[in-house]
Amino acid sequence: MPKEYKTIQEIAGPLMLVRGVEGVAYDELGEIELSDGEKRRCKVLEIDGSNALVQLFEDSTGINLSNSKVRFLGRSMELGVSEDMLSRVFDGLGRPIDNGPEILPEKRLDINGLPMNPAARNYPQEFIQTGISAIDGLNTLVRGQKLPIFSASGLPHANLAAQIARQAKVIGTDEPFAVVFAAMGITFEEANFFIESFRETGAIDRTVLFVNLANDPAVERIATPRMALTAAEYLAFQKNMHVLVIMTDITNYADALREVSAARKEVPGRRGYPGYMYTDLASLYERAGRQKGKPGSITLIPILTMPEDDKTHPIPDLTGYITEGQIILSRELYRKGITPPIDVLPSLSRLKDKGIGEGKTRADHANTMNQLFAAYARGKDAKELMTVLGEAALTDIDKLYAKFADEFEQEYVSQGYYTNRSIEETLNIGWKLLSILPRSELKRIKDEYLDKYYGKVQ
């Protein structure tokens, strides 16, 4: 039986100081029992000799210092895992909130995960089809990759996240595929949108949802992504599934980290975020990947809203260092009515070359991808020139490029949130658009592909 302490000294916000403790470790879970028998959970943040600084998961109202008891449970936070988690909705601490029964766990896993030995990692290389042309065709997602989406407040990243979760699949195989969705600090309406969206399309059957609402405690928000990744590790490396983890919104997670850090009176780093935010984010992102000798994989799409649309803000900045590229949403495209408003030029998938080509997508994929990028970039330049100097200043070929840029945004990028395109459809739309330009302009495509597809795809 764990020892009980009645030595609570003080409570400040979400923090509580307990004196005279023995054998208590960092990150250990504790239980506070109030005088009326109510129990609340906490975890150890810091040990200083025989003093323990603990953090409360619920609020501190009603805790009477003199007659409340604390007992430490001798273990860190754990999640009970089982295959029955699929199609279920949990709160940020892994408790069911969908009126279904409790999960009977096959085992209990520490939510901080086990570090993956870099030498045991396999290189990400198989193509994942999201059904979204701007990602599949130009910034391809590869199994085992970490590819964040950089959004901004007011942009429809929730719709894009739900679309990827519904549509993503590994083509050409019948290997089991699951989605683990972690939502942090979102509103009740957003939570409802995700749950209903998955239920309507039947995607819920292969999805595990963890939902932490904006009015839930900050410390729960810090546990939510770890709960999700623990469920993903279990499904991927013990049940051999391919798991796509979508986490939204990392900005809310980082703000919770800052809130807890400020309560602990730590020295702030850039913009008030704690100096260890880089290592903290890395401890989440680096849990994605593939392991040698295990068929399963974890692919990670973290979504973050850039404060003030600023790519150099610490959250997107540090995320960019740790992950393999980024998909950027553009306010300008959103105003034009392009859905999803993915800005393909600054977006980047550093592993796209590994997941495309013959046997994975199609032999012409790499050539057409490079040509589309080049043509779109030149078309945007032509349109800017047209804005400044008027249409008369453009050559005939520049006018064609400007037309190409408009049609590319309307047909290729803008597909709505309920269109699921196969990779063949995406590549064919690319060819149809490239046929706007004279064949002599398509210098990045081999003749054999031009002979086969140029002007022949409708």
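In this chain, numbering begins with 1 at the start of the sequence shown.
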Hey, could you give me the [atom1]/[atom2] distance between [X] and [Y], rounded to the nearest 0.5 Å?
X: I342; Y: L333; atom1: CD1; atom2: CG; result: 9.5 Å
X: I63; Y: L34; atom1: CD1; atom2: CG; result: 5.5 Å
X: M85; Y: Y234; atom1: CE; atom2: OH; result: 9.0 Å
X: R287; Y: K146; atom1: CZ; atom2: NZ; result: 13.5 Å
X: R108; Y: T230; atom1: CZ; atom2: OG1; result: 11.5 Å
X: L213; Y: E189; atom1: CG; atom2: CD; result: 10.0 Å

Looking at [X] and [Y], would you say the former's side chain and the latter's main chain have a donor-acceptor pair under 3.5 Å?
X: D136; Y: G131; answer: yes
X: Q145; Y: T299; answer: no
X: R290; Y: Y123; answer: yes
X: K292; Y: A119; answer: yes
X: T339; Y: S414; answer: no
X: Q163; Y: G416; answer: yes
X: R331; Y: L155; answer: no
X: R270; Y: G275; answer: no
X: E28; Y: G74; answer: yes
X: E58; Y: R41; answer: yes

> Under the salt bridge (Lys or Arg N to Asp or Glu O under 4.0 Å) criterion, do R166 and E200 qualify, and how do the steps go?
Replying inline: CA-CA 10 Å; R166 287 194 311 265; E200 277 167 27; over 6 Å; no
Say whether [X] and [Y], considering side chains only, have a donor N or O and an acceptor N or O under 3.5 Å apart.
X: R143; Y: N122; value: no
X: S76; Y: D27; value: no
X: R421; Y: S133; value: yes
X: K311; Y: Q326; value: no
X: T323; Y: R350; value: no

>> Considering only residues two or more places apart or on different chains, which pairs with a residue in residues 130-156 satisfy ring-ring contact (aromatic ring centres under 6.0 Å, His included)?
In response: none
Just wondering, do [Y] and [X] contact through their side chains at under 4.5 Å, heavy atoms?
X: V24; Y: V18; value: no
X: F72; Y: V54; value: yes
X: Y285; Y: L318; value: no
X: L244; Y: V180; value: no
X: L257; Y: P274; value: yes
X: L329; Y: H157; value: yes
X: P156; Y: P341; value: yes
X: H313; Y: T251; value: no

Using a strict cut-off of less than 4.0 Å between a Lys/Arg side-chain nitrogen and an Asp/Glu carboxylate oxygen, indicate whether [X] and [Y] qualify as a salt bridge.
X: R226; Y: D280; value: yes
X: R271; Y: D310; value: yes
X: R88; Y: D98; value: yes
X: E409; Y: K380; value: no

Should we say atom [atom1] of [X] is surrounded by more than 12 heavy atoms from elsewhere, each under 6.0 Å from it?
X: K265; atom1: NZ; result: no
X: K6; atom1: NZ; result: no
X: Y321; atom1: OH; result: no

>> Quick one, M227 with M77, criterion side-chain contact (heavy atoms from CB on, under 4.5 Å). Give me CA distance, side-chain angles, the key distance, then yes/no.
In response: CA-CA 9 Å; M227 291 278 172; M77 210 161 183; 3.9 Å; yes
> Step by step, would you call L56 with V219 a side-chain contact (heavy atoms from CB on, under 4.5 Å)?
Replying inline: CA-CA 8 Å; L56 305 168; V219 65; over 6 Å; no
>> Checking L138 against Y376 for the side-chain contact (heavy atoms from CB on, under 4.5 Å) test, could you report, in this order, the C-alpha distance in whole Å, the side-chain angles of both residues, the deciding distance, and whether it holds?
In response: CA-CA 12 Å; L138 301 173; Y376 182 49; over 6 Å; no
Nearest heavy-atom pair of [X] and [Y]: which atoms, and what distance?
X: A165; Y: F181; value: CB-CD1, 4.3 Å
X: I128; Y: A168; value: CG2-CB, 4.4 Å
X: S60; Y: R40; value: C-NH1, 3.7 Å
X: V211; Y: V89; value: CG2-CG1, 4.1 Å
X: V21; Y: A52; value: CG2-CB, 3.9 Å
X: K352; Y: F373; value: NZ-CE1, 3.6 Å

> Does R258 count as lying over the ring of Y273, i.e. NZ or CZ under 6.0 Å from the six-ring centre, within 45 degrees of the axis?
Replying inline: yes
>> Assess the residue pair K354 and E324 against the criterion (salt bridge (Lys or Arg N to Asp or Glu O under 4.0 Å)); give the C-alpha distance rounded to whole Å, side-chain angles, the decisive distance to 0.1 Å, and a yes or no.
In response: CA-CA 12 Å; K354 304 289 177 287; E324 292 118 7; over 6 Å; no
> Checking side-chain contact (heavy atoms from CB on, under 4.5 Å) for the pair R362/I423: CA distance, chi angles, key distance, verdict?
Replying inline: CA-CA 8 Å; R362 205 167 76 183; I423 186 62; over 6 Å; no
> With under 30° as parallel and over 60° as perpendicular, where do the rings of F210 and F90 fit, or are they tilted in between?
Replying inline: parallel
